[in-house]
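Chain letters run A, B, ... following the sequence lines, proteins first and then strands; every chain starts at 1.
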Amino acid sequence: MQTTRIICAGFGGQGIMTLGKVLATLGMKNGKSVSWMPSYGAEVRGGTAHSMVIISDSDIPSPVIDKADICIVMNKPSLDKFESRVKKGGTIILNSSLIESSVKRKDINAVKVPATEIASSLGNIKVANIVALGALVSKTKIVSKNKAISLLKEFFAEKKALLELNKKAFNEGIRI
Amino acid sequence: MTKKIRNPKSQIPKLKYTLMTGNEAIGEAAVAAGCRLYAGYPITPQNELTAYMSKRMVEEGRVFIQSESELAAINMVFGASVAGARAMTSSSSPGISLKQEGISYLAGCELPAVIVNIMRGGPGLGNIAPAQSDYFQATRGGGHGDYRTIALAPSSVEEAVELTRLAFDLADKYRGPVLVIGDGILGQMMEPVKNSKFEIRNSKLLPKPWALTGAKGRKPNIIRSLYLKPGALEEFNKKLQRKYEEIKEKETRFEEALTRDAELIIVAYGTTSRIAKAAAQNLRKKNKKAGLIRPITLWPFPDKAIKEVAKNAKAFLVVEMSNGQMVEDVELAAKGRRPVHFYGRSGGGVPTPEEIEKEALKVMSSWFVDKKPRTTN
């Protein structure tokens, strides 16, 4: 019986909610129980927004995550807020384009991904979240690369140009 | 014949499941149930429901109104219901308080309606975090006068769909307002919902010969809650009570898990019940006999189920996201035969399975400390 708890965090516009939804959908397609929980309401502009995703072999008691197995942080305030919320031995994926400092803790794995720079070199800063998704899939193997790609294909079935861009972003992330 | 659900939110039509928030799922369930008017006024954490209806109702050629206030919304629902249409409104705690006058009138006029409350922390404006502090309001009538409302409490997004559809059916069947009660977590979180849950059922809606549809060719119908003739109101209220008795008899719903040999029965509803269930399962792994009763109807409360398990269980532990409201109903049902303990979080605090486990162990360990009669303190 396995349960993976993932927190995605960043500022508004970085595709944090979407990244969480993509992860939850991947879990759902794999026949797992999934939940997705957003931070809602009183978030401030420039501050952090986050979504919490649980993928499990059994029923999910609460969609609220206290300690996460994996945390994806896309900006500095998110790192400050969530570094302490990663389980011992867990993984933190950080957007090194926007986070100069490093992880203080020694008991978690830190993966640095220049997601924003990669996205901007691909021509669209908005796909930084998909770069991070690629890094997540490559580092944690929560789903296979092919399953993730086939989901992207379904997501962008009617938008060929966007599909190519997102596939590129994903593959760049995989390479990290 | 069933019509396939048309869900603009679904980006992955191949799947048998759709990932939806509780708010959206309740909206789509209402559409599937044939809701013809939705009126609402924005408030977090149920805004996505109003937003969803603003798209879907228009797509379906039905009526969506963002009203100027909660009072207007509930009275628009009243108007649609008087005319025989299925109608719904939704809000969150402070907004539901504002709707109470209208809900009382709906009960007094015996008009069907569905009212969704995605609860937030209180009292007052409180906060927007999840809470279950409107239990008293939902189960004791809520507004003025001697009435009750059926209150349905889903614990998952998929169950929110089932119970919203049921709410429309019960409202028509018993001619009265029915509440669907959730908290911020249920409204905001996404879970997979089987697409088939939204299939349009072919079964005919109940005829509404009492509705105000124009009196052409028949005697005028009168809908009112004013009874001035001496004795008339008492007679009407007795009729309401007979209806409530019938509802208690036929519509009480609950789920039980691991109760058969349980020594400690945890009682919890909605989001809290999922967490409590995990706690009960963890306790079982430690050979501690814990079970769960989850009321699905908060009113009528499953008091017979509580009485039944009280025969074998040693004690109850009620867990709520409030400072103790449903615990009174459990005490009433247990009638002093078994001790009823309580653990609550409020103001946005969400209990973890570990917290509940700890509380349960505290209760259970007191049974084994000593066999000597204990002095009361």
Quiz item: Does a donor on one side chain sit under 3.5 Å from an acceptor on the other, for S91(B) and Q46(B)?
Solution: no

Quiz prompt | Atom group of V34(A) that falls short of 4.5 Å from chain B, counting heavy atoms | solution = both

Quiz item: Can you name the ring-ring contact (aromatic ring centres under 6.0 Å, His included) partners of F82(A), sequence neighbours left out?
Solution: H50(A)

Self-check item: Sorted by number, residues from residues 348-358 of chain B in contact with chain A (heavy atoms, under 4.5 Å)
Solution: V350(B), P353(B)

Quiz item: Picking from D66(A), V64(A), I60(A), which has the most non-hydrogen pairs under 4.5 angstrom with chain B?
Solution: I60(A)

Exercise. Considering only heavy atoms and a distance below 4.5 Å, find which of S51(A), A157(A), G20(A), P63(A) pairs most often with chain B.
Key: P63(A)

Quiz item: So among E191(B), E162(B), E28(B), E159(B), which one has a salt bridge (Lys or Arg N to Asp or Glu O under 4.0 Å) with K197(B)?
Solution: E162(B)

Self-check item: Working for salt bridge (Lys or Arg N to Asp or Glu O under 4.0 Å), residues R294(B) and E255(B)
Solution: CA-CA 5 Å; R294(B) 172 174 78 92; E255(B) 180 202 342; 2.6 Å; yes

Exercise. Sort T21(B) into side chain, backbone, both or neither according to what part of it lies under 4.5 angstrom from a heavy atom of chain A.
Key: side chain

Quiz item: Does K32(A) pair with D57(A) as a salt bridge, N-O distance under 4.0 Å?
Solution: yes

Let me check something: any side-chain donor-acceptor pairs from residues 9-16 of chain A under 3.5 Å, sequence neighbours excluded? List them with distances.
| unit_1 | atom_1 | unit_2 | atom_2 | d |
| --- | --- | --- | --- | --- |
| Q14(A) | OE1 | F11(A) | N | 2.8 |
| Q14(A) | NE2 | M74(A) | O | 3.3 |

Quiz prompt | Residue pairs fulfilling salt bridge (Lys or Arg N to Asp or Glu O under 4.0 Å) with at least one residue in residues 84-103 of chain A, sequence neighbours excluded | solution = D69(A)-K87(A)

Quiz item: Does the ring center of F254(B) lie less than 6.0 Å from the ring center of Y269(B)?
Solution: no

